[in-house]
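For the numbers below, each heavy atom of this structure counts, side chains included, while hydrogens, waters and symmetry mates do not. All figures in this text were calculated on a predicted structure; none of them were measured in a lab.
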Amino acid sequence: MAITSEPWSSTDPCAAERILVQLPFPVLTALANEDLETANSLCDYNLTPYLITYECLHVWKMRRDQIAIDPLDVAWVTRIIISTETGAVVGRAGFHGAPDGNGMWRLGTRLILRRGGRGTQRLHCVFC
């Protein structure tokens with residue numbers, strides 16, 4: 001898969017109804033600051049309060065700081081998972097950063113619990 005700022009999709013049937021959408025740096029910063037209102041005003045998707053819970057907050061802060069140090073990581077790090085059927089945010093997923101010198105990378109994911117059981121967890125690896 002080529003890394004791009006465009007939404008990531010997959011032809012795998014498991015991922016047919018999901019895309020991974022990059023958050024612009026101002027949206028990521030607003031989420032890191034627990035400012036859901038500003039994040040929503042800057043985003044094309046309806047971001048839910050889940051995205052500023054303890055489960056997500058530390059990730060936004062870590063990725064905000066990471067991108068501030070290395071802006072090229074922005075295309076690699078955490079994205080929101082969007083249902084293409086409803087446009088709803090169903091979780092977050094992304095790499096921890098660009099691959100290391102050996103071409104290795106780490107993947108992080110988290111689902112909104114009420115969205116579980118719909119094949120979403122498996123699709124994260126399909127995008128890789």
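Nearest approach of Asn40 to Tyr45, heavy atoms of both residues: OD1-O, 3.3 Å. Annotation for Arg64 and Ala32: closest pair NH1-CB, 3.4 Å, computed over non-hydrogen atoms. Taking every heavy atom of both residues into account, Arg92 and Cys56 meet most closely at NE-SG, 3.3 Å. Smallest separation of non-hydrogen atoms from Leu20 and Arg79: O-NH1, 3.6 Å. When all heavy atoms of Arg18 and Thr84 are compared, the pair lying nearest together is N-OG1, 4.0 Å. Shown here for Ala30 and Ala39, the closest heavy-atom pair between the two residues is CB-N, 3.7 Å.
Looking only at distances, no side-chain donor or acceptor of Thr29 sits under 3.5 Å from a matching main-chain atom of Pro26. Of the possible polar contacts, none joining the Trp60 side chain to the Thr78 backbone as a donor-acceptor pair under 3.5 Å is found. A donor-acceptor pair under 3.5 Å is formed between the side chain of Asp70 and the backbone N or O of Leu72. Side chain of Asp73 to main chain of Trp76: no donor-acceptor pair is present (N/O by atom type, distance under 3.5 Å, no hydrogens or angles).
Between Asn46 and Val89 there is no side-chain heavy-atom pair separated by less than 4.5 Å.
Leu23 and Phe25 fall within a single hydrophobic cluster, where Ile, Leu, Val, Met, Phe, Trp and Tyr are joined by side-chain heavy atoms under 4.5 Å apart, directly or via other members. The cluster map of Ile, Leu, Val, Met, Phe, Trp and Tyr, joined by side-chain heavy atoms under 4.5 Å apart, puts Ile67 and Val21 in the same cluster. In the hydrophobic cluster analysis, where Ile, Leu, Val, Met, Phe, Trp and Tyr join through side-chain heavy atoms closer than 4.5 angstrom, Leu42 is grouped together with Leu51.
For the side chain to side chain contact (heavy atoms under 4.5 Å, CB included) test with Tyr50, the passing option among Ile52, Leu47, Thr53 is Thr53; the others fail.
Taken from CG in Asp65 to CD1 in Ile69, the straight-line distance is 6.5 Å, to the nearest 0.5 Å. In this structure, SG in Cys43 is found 11.0 Å from CG in Leu28, a value given to the nearest 0.5 Å.
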